[in-house]
Amino acid sequence: MKLIICEKDNAAKRIASILSDDDMTVEKVGRVPVYRFMWEGEETCVMGLRGHIIELDFPKGMSSWEGTDPRSLIDARPVKNVSEHSIATKLKELSGEASSILVATDFDREGELIGSEAVEMALGDLEDKRVFRARFSSLTPDEVRSSFNKLTRLDLALANAAETRQVIDLVWGATLTRFISLASGRLGHAFLSVGRVQSPTLALLVDREKDIRAFEPVPYWRVEARFERDGITFDGTHLDGDIHDKVRAALLFSRVKGASEGMVTSVTKRNRTEKPPVPFNTTQFIRAANSSGYSAARIMSIAEDLYTRGFISYPRTDNTVYPKGLDLRKTLETLSQGPYRVHCEQLLSRETLVPSRGEKETTDHPPIYPTTFASKDELGPERFKIYDLVVRRFLATLNDPARIEITSLKIDVLGEPFSSSGSVLTYPGWRSVYDPGEKDEPPLPVLSMGDGLNVSDVSLSDKETKPPKRFSQGSLIQEMERLGLGTKSTRHEIIQKLIQRRFVEDNPTRPTLSGEALIGSLEKHAKHITEPVMTSRLEQDMERIAGGELAQSSVLMESREMLHSIMDVLEEHKAVIGSDINGALRSQDIVGKCPRCGNDLLVVRSMRGKRYVRCSKYPNCSRSYPLPQKGKVSFTSEQCPNCKSPMMMLYRRRGAPFATCMNMECPSRKQKDEAGATGGAPDV
DNA sequence: GCAAGGTC
């Protein structure tokens with residue numbers, strides 16, 4: 001029996017169907033399907049893994065954070081634990097009968113390691129002569145068949161490179177995470193974490209926040225006017241544009257103030273073509289979907305769901321070029337229903353279809369595109385929103401460029417020149433189906449030189465330069481990609497992790513005090529882990545390991561030495577690190593003054609994990625307040641006028657947030673409760 | 001209760 005091993009069930013099913021010409025049986029014991037058929041005269045089984053089926057960890061004896069010197073983790077030998085037991089069992093069972101094993105995992109570095117893990121588990125020997133490797137860049141019949149016709153061997157150097165990354169990430173991550181948590185006494189649920197990807201990502205947000213804080217706005221002025229002709233109004237600006245000299249601005253304004261008429265002195269038109277957008281990779285997909293208000297993690301979870309239901313292609317991809325094997329015409333035919341019908345038919349009537357293409361062409365997966373038609377009723381509003389975006393983007397990539405006519409006017413107002421511009425979509429092309437999310441200038445009335453205009457609202461407007469913008473989750477993911485941080489599959493998870501650990505608040509994405517304190521300390525004493533260079537350096541080393549120029553052992557040795565010297569510095573400053581972080585964290589937890597004794601009130605968690613507020617002088621002062629356990633709460637610096645307890649803002653699922661006193665016994669609160677405005681607060 | 005990378 002031949003055993004074919006794939007990275008996931010979906011790929012297993014597809015490969016089995018291609019090799020068997022759809023003549024196969026499925027056997028499903030537990031949650032692990034196995035596809036059986038006859039292939040080249042031999043019984044063949046195909047099974048899918050679930051990505052990595054083993055996980056690196058430290059030996060059991062080192063699992064206690066308090067009882068282990070973090071530094072001892074550096075030279076510890078990580079152990080491999082099975083993380084997918086049902087898969088492992090099935091794999092061992094089938095490999096017992098196998099005369100050969102064909103590794104058909106994804107054609108990338110992690111795929112090589114995932115395949116190697118499976119072989120190690122199945123046969124205990126990576127160099128076993130019964131093991132072969134099939135490499136295909138897309139799951140099309142031609143590609144798959146030809147890859148199985150020219151089987152090669154596992155690339156152990158490539159797998160080694162991936163394993164090196166695993167070890168370095170675990171050793172650095174665990175050592176620094178435990179050290180920082182121990183140094184600041186933040187253990188259990190409140191631990192602080194450090195990692196090669198998460199820390200530089202958090203540092204991006206902290207740096208941006210610092211830039212915003214340090215930003216000093218520069219004032220400037222604009223002389224503006226509103227024009228009207230034939231009932232159509234439009235705005236114009238003095239030709240000097242942004243004026244940085246207040247005196248000059250005032251002078252210009254004084255010349256035109258109170259004007260009631262203007263005259264068109266020039267009309268110029270030019271045409272601009274706007275190329276269709278390129279096919280969706282994960283980053284651009286998240287960025288486009290992010291404007292819907294969903295978090296990156298939520299978007300990916302919806303995409304995952306659409307993928308497993310067969311509505312869209314694989315959502316984790318870096319590819320922005322449709323592969324040759326993708327039948328665009330057939331895809332259009334299946335989509336040609338409901339709201340997409342007109343667009344599809346229009347495209348299908350063409351002799352040739354020329355899709356747009358992005359800069360990055362990879363071979364693992366196609367760009368994200370719709371695979372089947374689905375209606376809004378079938379998907380529900382939330383899923384449909386994401387699906388509709390994918391369909392429209394796909395249709396846009398096959399469509400013509402849009403043409404826009406831009407009109408620029410020059411207008412004389414009491415001898416001063418003003419300008420205005422407007423645009424008209426003269427040929428919508430791809431814009432008829434896809435909204436690029438940018439606002440166009442409104443159109444202007446039809447005008448010619450010498451035409452008179454009514455002028456109103458001549459104004460001198462005060463402006464100031466704006467600080468840099470905070471990252472949205474979409475733009476953060478784009479920046480991570482640019483810097484090489486994380487992968488298409490992990491970037492959204494990293495952001496989610498930073499939010500869960502309370503280093504980052506979403507919406508808008510900004511660091512919390514603990515996030516800032518953590519990065520502040522790391523930048524001072526262990527700068528390397530907060531910089532993207534660590535990742536690019538690791539990438540270089542991995543390439544050299546894969547190319548046979550470097551040994552895994554020497555890279556690991558160097559990495560461990562480096563971490564030792566970082567730990568030298570950290571240990572020397574352990575006390576300062578602890579007090580720096582704790583100082584910042586304490587101020588994060590202070591919500592107001594205790595009305596009983598005047599000391600700080602703190603937000604804390606009870607032994608059972610419930611949040612509440614208590615006096616910092618507990619047990620000397622026993623004043624405490626319950627908090628609602630669900631939903632967001634924020635604290636204002638105000639006191640209740642009735643009882644002097646601190647005020648808080650409650651954010652509800654529906655309706656606007658509202659301010660209330662923390663004191664359940666307060667008369668002001670009683671009225672609100674009767675009105676049904678608050679949820680129940682728990683006992684603490 | 002540590003990382004980041006696969007996948008569900």
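Letters go in sequence order (proteins before strands), and every chain restarts at 1.
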Item to complete: Could you list by number each residue of residues 517-527 of chain A showing a heavy-atom separation from DNA chain B of less than 4.0 Å, or answer none if no residue does?
Response: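 Close to the strand, none.
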Discussion item. Within residues 166-175 of chain A, which residues have any heavy atom lying less than 4.0 Å from an atom of DNA chain B?
Written reply: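 Correct list: A/Q166, A/D169, A/L170, A/G173, A/A174.
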Using a heavy-atom cut-off of 4.0 Å across all strands, would you classify [X] as base, sugar-phosphate, or nothing?
X: A/Q198; answer: sugar-phosphate
X: A/L113; answer: nothing
X: A/L56; answer: base
X: A/E66; answer: base
X: A/T490; answer: base
X: A/Y314; answer: sugar-phosphate
X: A/E55; answer: base
X: A/D305; answer: nothing
X: A/R50; answer: base
X: A/S64; answer: base
X: A/S489; answer: base
X: A/R501; answer: sugar-phosphate
X: A/E84; answer: base

Discussion item. Filter on ring-ring contact (aromatic ring centres under 6.0 Å, His included), then keep only pairs touching residues 531-577 of chain A, sequence neighbours left out; what's left?
Written reply: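 Found A/H525-A/H573.
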Item to complete: Provide the full list of ring-ring contact (aromatic ring centres under 6.0 Å, His included) pairs with a residue in residues 529-554 of chain A, sequence neighbours left out, each pair given once.
Response: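 Residue pairs passing ring-ring contact (aromatic ring centres under 6.0 Å, His included), neighbours aside: none found.
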Practice prompt. Between A/F58 and A/G486, name the one whose nearest nucleotide on DNA chain B is closer to the 5' end.
Written response: A/F58
Taking side chain to side chain contact (heavy atoms under 4.5 Å, CB included) as the test, write out the residues that go with [X], two or more places apart.
X: A/S72; result: A/M62, A/T68, A/D69
X: A/K8; result: A/A11, A/D106, A/Y307, A/Y314, A/H365
X: A/D318; result: A/K360, A/T362, A/E481, A/K488

Item to complete: Output every pair passing salt bridge (Lys or Arg N to Asp or Glu O under 4.0 Å) with a member in residues 72-88 of chain A, not counting sequence neighbours, ordered by first then second residue.
Response: A/R50-A/E84, A/K80-A/E163
Discussion item. Check this for me: A/E549, atom CD, are more than 12 non-hydrogen atoms of other residues, nucleotides or ligands nearer than 6.0 Å?
Written reply: yes
Worksheet entry | Side-chain ion pair, A/R316 and A/E304, N-O less than 4.0 Å |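 Answer for the salt bridge query: yes.
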Worksheet item: Can you name the residues that form a side chain to side chain donor-acceptor pair (under 3.5 Å) with A/D568, not counting sequence neighbours?
Response: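 Scan of A/D568 (side chain to side chain donor-acceptor pair (under 3.5 Å), adjacent residues dropped) gives A/R71.
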Worksheet item: Can a cation-pi geometry be assigned to A/K497 and A/F503, taking NZ or CZ under 6.0 Å from the six-membered ring centre and within 45° of the ring axis?
Response: no
Worksheet item: Who are the ring pair (Phe, Tyr, Trp, His ring centres under 6.0 Å) partners of A/Y387, not counting sequence neighbours?
Response: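 Expected list: none.
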Worksheet entry | All salt bridge (charged side-chain N to carboxylate O under 4.0 Å, His left out) counterparts of A/E55, not counting sequence neighbours |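 With sequence neighbours excluded, A/E55 shows a salt bridge (charged side-chain N to carboxylate O under 4.0 Å, His left out) to no residue whatsoever.
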Worksheet entry | Start and end of the DNA chain B segment that chain A contacts, any atom under 4.0 Å from a heavy atom |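 Contact boundaries, 5' end first: B/dG1 to B/dC8.
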